[in-house]
Amino acid sequence: MEVYDNAEALIEVFNAYGVEHLFFNPGVDNVPVLETVSRYQATGKQSPRGILCLDEFVTLTAAHGNYMASGKPQAVSVHSELGTLQIGGALQNAQWGKVPVIIFAEIQGPTERVNWRQEPFDQGSMVRNFVKWDHQLIDKEDIHDALQVALNIATTEPYGPVYLAVPREVLWHKADKSLDKPKTFVKSDTRKMEANPVILDKAADILINAENPLIITGHSGRNPDTVPKLIELAETLFARVVTSDTRMNFPNSHPLAAYLAAHVGFSNPLLTNTDTILVIDYDLPYAAPPMGPSAETKIVHIDIDMQKNGALLWGRKPDIAIEADSGQAIPALTKAINQKLTDERRAQLKERFKQLEAEHDNLAGEWQSLAESHSQKKPISAHWLSRCISEAIDEDTIIVNQTISPARIVAHLVQRSKPGTLLSYSGGCIGWAIGAALGVKLASPDKTVVSLMGDGAFIYGCPESSLWSSGFYKAPFLSIIFDNQGYGAIKGLFREKHDVDNMGADIYTAPDYAKIAQACNAFGRTVEDPADINPALKEGLEQVRSGQPAVLDIRLEPV
Ligand SMILES: Cc1ncc(C[n+]2csc(CCOP(=O)(O)OP(=O)(O)O)c2C)c(N)n1
């Protein structure tokens, strides 16, 4: 077997940074890397495990899921400019999801423009809008050094994707013998950024004096031990917590978890009615919410990433900006608040808690009753389905969620309480959940993984590719399709805002998704009767536990 020294250097750098998988789709160009990975694996040498994905969209989406479950940096190898193009919208999700991933591809083109039909002379320009850094290796540049720079940039907060275009002669470079030992590594500084105590003190004053404070968190739960810290803060302030579904940041069963009435539609009255917001690790959603907080609302913002690509949260500066790692800043803030709270204020806050707890219980009860009232509704309702899913899974099951129009229903009815048991996308590209579930299962082989998505998302997610890899690499997960036979989010939004009812975005005489699953050696079942949901969930979970990927196509009321 040939010895490709630069391919070996690449593996050594990946090993040093803890990269465990290489999600790839081949062209002839990356064969030396793939061959070297195989050789390392066959001879018992440490190497990332190669995971073949039959579509490049899945390479990066699986890496995204794998990062979210493992916290480890990721590597993706694709075929030159074509493979890079095929990654498509998965890259926007990785950008918004702050995924520390290196994507590398061969470059064969000239270094200058010849004419528009020439090979891509600037391959990185295809991804430049979405990565923290891209680089094209030039002759004689050391791939080992370039990779370290790339991985250091990817793994420096705020994390994000990087792209490396590597000339064929570098990737294919041969040596007489293997590397004796890895070169030295200079990794990026991973110390936690600490909050400034003087600013924390000011934030504590504002929050103590707030009458109707709201904590909003986006992805503070990315560090699992931040979850109990946030609970402690909420219970010190007795403030309600709104959490995104990107991570399990705060248990939705907690009395301080904010619930919305089931009928409020797209708006969020909690955001407009509060006098003070403590916002933690939160990005502007990809599709902006209709209304932000009022101009009088005080905003305290804790984030590792204050800049948000230059865009301010809700278009305004916070009153207090605390640039820090939330895992450190949250307990420090709780401490500062505890030191300042008088007995009198504590007693007042406890009174507030009683009211919030009663509101929570009322609304949670409303959601449950609504779901139960749908138990025999035909076609099946998303409420009843969500309620059944919640009952069928255990507390360690990891939900990988990209439901769109039923997102709020899922958030209120699928109970999650343990850190790390809820993962979702942050960007805007549909098709994330099924490939991400593959990556999650590879990172968490002992956990049950259940992905939730719409029928549109199932198809966007390249199900044949995701299910094939799931079966082949023995990483089985259950996919549940909230099949409303159309693009519900688009139709719902237009109906509400523009009174457009028929836009032709229905997927009637829908493809048979269960048969697609079966064709990929997965278990597949279609469910149309609400009474069949529980038996189908049981069967799907049993299939997954016995090692087979499974898909349940739950036909809901068409949108
Ligand atoms: C790659 C991509 N194409 C198109 C869109 C626009 N889009 C947003 S939501 C949506 C509908 C998704 O349908 P489905 O997954 O079935 O969920 P539903 O809206 O029905 O709940 C579309 C097409 C997008 N976000 N990403």
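In listed order, ligands and their atoms are each counted from 1.
A salt bridge links D122 with R128; the closest basic N to acidic carboxylate O contact falls under 4.0 Å. The residues R49 and E20 are annotated as not salt-bridged, no charged nitrogen and carboxylate oxygen being separated by less than 4.0 angstrom. Under a 4.0 Å N-O distance rule, the pair R416/D245 does not qualify as a salt bridge.
For Y163 and H135, the ring centers are positioned 6.0 Å apart or more.
Less than 4.0 angstrom separates some heavy atom of G428 from each of these atoms of ligand 1: 24 (C), 25 (N), 26 (N). Proximity to A489 (heavy-atom distance under 4.0 Å) selects the following atoms of ligand 1: 9 (S), 18 (P), 19 (O). Counting atoms of ligand 1 from 1 in the listed order, those under 4.0 Å from a heavy atom of G488 are 18 (P), 19 (O), 20 (O).
In this structure, the side chains of V440 and N66 stay at 4.5 Å or more apart for every pair of heavy atoms. With contacts defined as side-chain heavy-atom distances shorter than 4.5 Å, the pair Y473/W468 qualifies.
Residue-level proximity to ligand 1 for F482 is absent, since no heavy atom of it falls below 4.0 angstrom.
Considering backbone and side-chain atoms alike, C429 places every N or O at 3.5 Å or more from each N or O of ligand 1. Of the N or O atoms in D455, one or more lie within a sub-3.5 Å distance of an N or O in ligand 1.
At a 4.0 Å cut-off, at least one heavy atom of P406 sits close enough to ligand 1 to count as contact.
Here atom 6 (C) of ligand 1 lies nearest to I490 when heavy atoms of I490, N484, I459 are compared.
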